[in-house]
Every structure is written in structure tokens, then in C-alpha cells.
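Note sheet for the following structure.
Every heavy atom of this structure was used, including side-chain atoms; hydrogens, water molecules and symmetry mates were not. All chains are named by letter (A, B, ...) in the order of the sequence lines, taking the proteins before the strands, and each is independently numbered beginning at 1.
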Protein chains: 2
Amino acid sequence: MPQQPLPFDPIAEARRQWDLRSLRGPAMAAATSIMRAQQLVLAAVDHALAPFELSFARYEVLVLLSFSRHGALPMGKMGDRLMVHPTSITSTVDRLEEQGLVQRARHPDDRRIVLAEITPEGRRVVGAATSAVEDTSFGLDAYDTEALDALTASLRPLRVAAGDFTPTPAETTAD
Amino acid sequence: MPQQPLPFDPIAEARRQWDLRSLRGPAMAAATSIMRAQQLVLAAVDHALAPFELSFARYEVLVLLSFSRHGALPMGKMGDRLMVHPTSITSTVDRLEEQGLVQRARHPDDRRIVLAEITPEGRRVVGAATSAVEDTSFGLDAYDTEALDALTASLRPLRVAAGDFTPTPAETTAD
DNA sequence: ACACGATAGCTTGACTTCCAACTATTGTGC
DNA sequence: GCACAATAGTTGGAAGTCAAGCTATCGTGT
């Protein structure tokens with residue numbers, strides 16, 4: 001963002017260097033592309049969320065809560081769903097609570113569990129923020145629906161290999 | 001990593017929710033997939049680099065320097081190549097300098113410029129670290145060469161749209 | 001009934017990233 | 001030749017991520 005476009009593709013350039021010395025040029029290029037893509041998507045979404053004083057991490061938590069049946073979920077369950085470390089949920093909910101968008105409460109039956117509950121203000125903000133994010137297409141407006149689905153599908157084997165979830169036998173693509 | 005595989009694909013599940021309310025389900029799923037893919041690749045590489053006391057950020061700087069003609073580059077130029085904020089380069093080189101893998105020196109002709117130069121120890125470490133990273137295929141061993149190249153190609157339009165570089169007219173894929 | 005392991009969150013600290021503001025050096029224009 | 005803008009890096013602060021270690025609570029087994 002802060003700089004001019006380079007006159008060449010820096011990833012293609014780096015790959016040329018790698019190809020001279022090893023067989024991992026393709027993997028290196030793909031890994032670097034993924035890293036950069038994440039930066040760009042995150043920057044686009046964060047930019048759209050800035051007027052609402054939200055980051056992507058906090059926004060995700062709000063959306064998850066607003067989609068949940070009772071507007072409240074245990075901390076740990078949110079960490080599982082969003083695939084982030086439990087500590088990240090703690091600090092994220094800390095901030096959301098400071099902003100008055102979420103409230104903590106102990107589960108009545110199991111006092112170990114902390115429930116995060118979205119407040120009415122939280123519902124209002126997440127609604128407006130979602131419109132803003134949708135307007136940016138998550139920074140992916142260079143792609144049509146088909147290309148987006150292809151992208152998602154092509155990254156799925158990576159998530160499966162990492163053990164994120166157990167694919168249902170029917171849809172096991174390969175391997 | 002620290003948790004069991006979920007019995008369902010959390011991204012597919014989230015997408016189902018989005019599809020009920022908006023047209024951005026595909027974009028949301030692709031964006032989330034990219035985010036998660038980056039986490040996984042980064043974790044794999046960081047894990048491979050841990051024995052060398054290197055993070056991916058520091059490793060990238062070392063590789064860039066070891067590939068450069070004189071083993072030394074200005075701070076700003078590295079930021080451009082690696083597409084990170086100038087301040088990130090500063091803190092990364094700070095740590096590499098503490099580790100004795102890099103040395104700072106002022107450019108003789110333009111005293112504003114700080115050159116980071118890789119030390120012999122730095123060259124030794126980056127060589128060993130590279131072998132370790134190559135052994136993990138950057139966390140992408142679920143893909144063959146063709147799939148890796150397809151992945152890189154499919155993420156290219158995003159980088160072009162973000163203005164990372166100006167594609168040469170011949171290879172403009174679509175758009 | 002009580003000890004002990006498992007579970008759920010929190011605290012602290014290290015690392016990375018970005019932004020805004022600052023210092024030092026270079027180049028330009030009257 | 002000297003004011004002034006542009007350039008190169010650094011500093012300090014906010015936010016996010018993860019890991020290790022801690023406290024509180026639950027459940028089970030004897």
C-alpha cells in the first residue's frame with residue numbers, strides 16, 4: 001500500500017532464485033503467495049472495519065455470536081470454531097467487552113465456563129460492519145463466484161492435511 | 001494443532017450461515033480459507049525453523065541477503081522485496097543483529113541508507129535452516145508440483161489487483 | 001466423602017505487524 | 001548558499017498471535 005508497484009513480480013523473482021538451487025521453488029512460491037494473499041485480504045477487511053472500531057479478529061467473534069442460537073457461546077467453543085488459540089479469544093473478548101459489544105457471564109450449570117454474549121449494541125454494530133465488509137467482497141472482487149469457490153476448494157486439502165476437520169468420506173477429493 | 005479435528009468443516013459451516021443472508025458466502029469462504037492456509041503454512045515453517053532460533057520473518061531476510069549479489073542490501077529495499085512495512089524490517093534486523101547473523105553498516109555514499117549485511121555465521125545458519133524448510137515443503141506436501149503452481153497462479157490476480165507489481169502485458173491472465 | 005486428574009480461562013511474556021511521529025541526511029530552487 | 005521538501009530509518013505504542021504456567025471448577029473412583 002505505501003509503495004509503488006514493483007516493475008516485476010517479486011514472488012516470481014524469488015522463485016527463479018530458488019529454482020537455481022533446489023526443487024522447492026514451486027512450494028516456496030505457493031507458500032509466499034498464500035502469505036501475501038492473507039496480508040491483502042486482512043488489510044482490505046480491516047480497512048472496511050476501521051470506521052466501526054473493529055478489527056477482523058473482533059469482527060469474526062461478533063459474527064459468530066450473532067449467528068449463534070442464543071447470542072452467547074463459551075470461550076473455548078469460539079476458539080475451536082475460529083481456529084485460533086484460546087488466549088487470542090481471551091484478549092479479543094477483552095476488547096469487545098471494553099467496547100460494550102459483548103458481555104461475559106458464567107455458565108449457570110458449569111461455573112468453569114465463561115459465556116460471551118453479544119449485546120444489543122453489538123448486534124447493531126455487527127450489522128453495519130457486515131454491510132461494509134460485503135461491499136468490499138473481502139478484498140476479493142478480482143474474482144467471480146466460480147473462481148472464489150475454486151480457490152476455497154484448492155485450499156481445502158491443506159486444511160484437511162493439517163487435521164482441521166475430518167472430511168466426510170463422500171467428499172474426500174483425493175489422497 | 002492443539003485440538004482434535006472437528007467433525008465438520010468450520011468454513012463450510014460458516015458459509016452456510018452466510019448464504020442464508022447475503023451473496024457474499026463464496027467470498028467469505030475464500031477469504032477465511034486464505035487466512036487459515038496462511039496460519040498453517042506459517043506454523044509449519046516456524047516449526048521447522050525453531051531449532052535454528054529463527055522465525056519465518058527473520059529467515060526470509062537472511063535468504064534475501066544470501067541471494068543478493070554482495071550479501072548486503074539497504075533496509076528499504078528489503079522491505080519492498082518482502083512486502084512488509086519498513087518498521088518490520090527494522091525490528092527483524094534488530095533481532096538478527098543480536099543473534100550475530102547480520103551486521104548493520106552505513107552506505108558510504110548516502111549516509112541516510114543503512115545496509116544490512118549477512119555474516120559468515122548467518123550464511124551458515126541460513127544454509128542449514130533452508131534444508132530443514134525444504135524438508136517440510138513449506139507445509140505443502142499435500143500438493144504436487146502442478147497443484148502448487150496452480151495455487152500460485154490463482155492467487156496472482158489478487159496481488160495484481162492490490163498493486164503489488166505491474167504484470168508484463170504478455171502474461172496478463174484475464175481481467 | 002475426598003483425592004486427583006481433566007477441563008476452562010486467565011495472566012504474563014515473547015514475537016510480529018502496523019501506524020504516527022521523530023531524527024538525520026540529501027537534493028532542489030530562489 | 002541557505003531554506004525547505006523529500007527520503008531513509010528508528011522509536012514508541014497498539015493490536016494480534018502463540019506458549020507456558022497458573023487458578024478455579026467439575027467428575028470420577030475408591
Answer with base, sugar-phosphate or nothing: what part of the nucleic acid does [X] contact at a heavy-atom distance below 4.0 Å?
X      : answer
B:R95  : base
A:D46  : nothing
B:T92  : sugar-phosphate
B:S55  : sugar-phosphate
A:R106 : nothing

Atom [atom1] of [X] to atom [atom2] of [N]: distance rounded to whole Å?
X      : N      : atom1 : atom2 : value
B:M75  : D:dT11 : CE    : P     : 10 Å
B:H47  : D:dC18 : NE2   : C1'   : 14 Å
A:L73  : C:dG9  : CG    : P     : 11 Å
A:L42  : D:dA15 : CG    : P     : 15 Å
A:E60  : D:dG16 : CD    : P     : 11 Å
B:D109 : D:dA8  : CG    : P     : 14 Å
B:F56  : D:dT17 : CZ    : P     : 19 Å
B:H107 : D:dT7  : NE2   : C1'   : 14 Å

(message) Distance check, rounded to the nearest 0.5 Å: A:L54 atom CG versus A:D46 atom CG?
(response) 9.5 Å
From the list [options], which nucleotide is the closest neighbour of the side chain of [X]?
X      : options                : value
A:R111 : D:dC26, D:dT10, C:dT17 : D:dC26
A:V114 : C:dC18, D:dC18, C:dG9  : C:dG9
B:T90  : D:dT17, D:dT11, C:dC19 : D:dT11
B:R112 : D:dT7, C:dT11, D:dT10  : D:dT7
B:D110 : D:dT17, D:dG9, C:dT26  : C:dT26

Are [X] and [Y] within salt-bridge range, i.e. N to O under 4.0 Å?
X      : Y     : answer
A:D149 : B:R15 : yes
A:E98  : A:R95 : no
B:R156 : A:D9  : yes

(request) Let me know, please, whether B:P74 or A:L54 comes out on the 5' side of the other along DNA chain D by nearest nucleotide. (result) B:P74
(request) Please figure out whether B:I113 or A:S91 has its closest DNA chain D nucleotide nearer the 5' end. (result) B:I113
(request) Identify whether NZ of Lys or CZ of Arg in B:R58 sits under 6.0 Å from the centre of the six-membered ring of B:F52 and within 45° of that ring's axis. (result) no
(message) Just N and O in the side chain of B:R104: are any of them under 4.0 Å from OP1 or OP2 of D:dT10?
(response) yes
(request) Let me know, please, whether A:L115 or B:I89 comes out on the 5' side of the other along DNA chain C by nearest nucleotide. (result) A:L115
(message) Using a distance-only criterion (donor-acceptor N/O pair, under 3.5 Å, no hydrogens), is the base of C:dC10 paired with the side chain of A:T87?
(response) no
(request) Could you identify which residues cluster with B:L23, counting Ile, Leu, Val, Met, Phe, Trp and Tyr as linked when any side-chain heavy atoms lie under 4.5 Å apart, either directly or through a chain of such contacts? (result) none
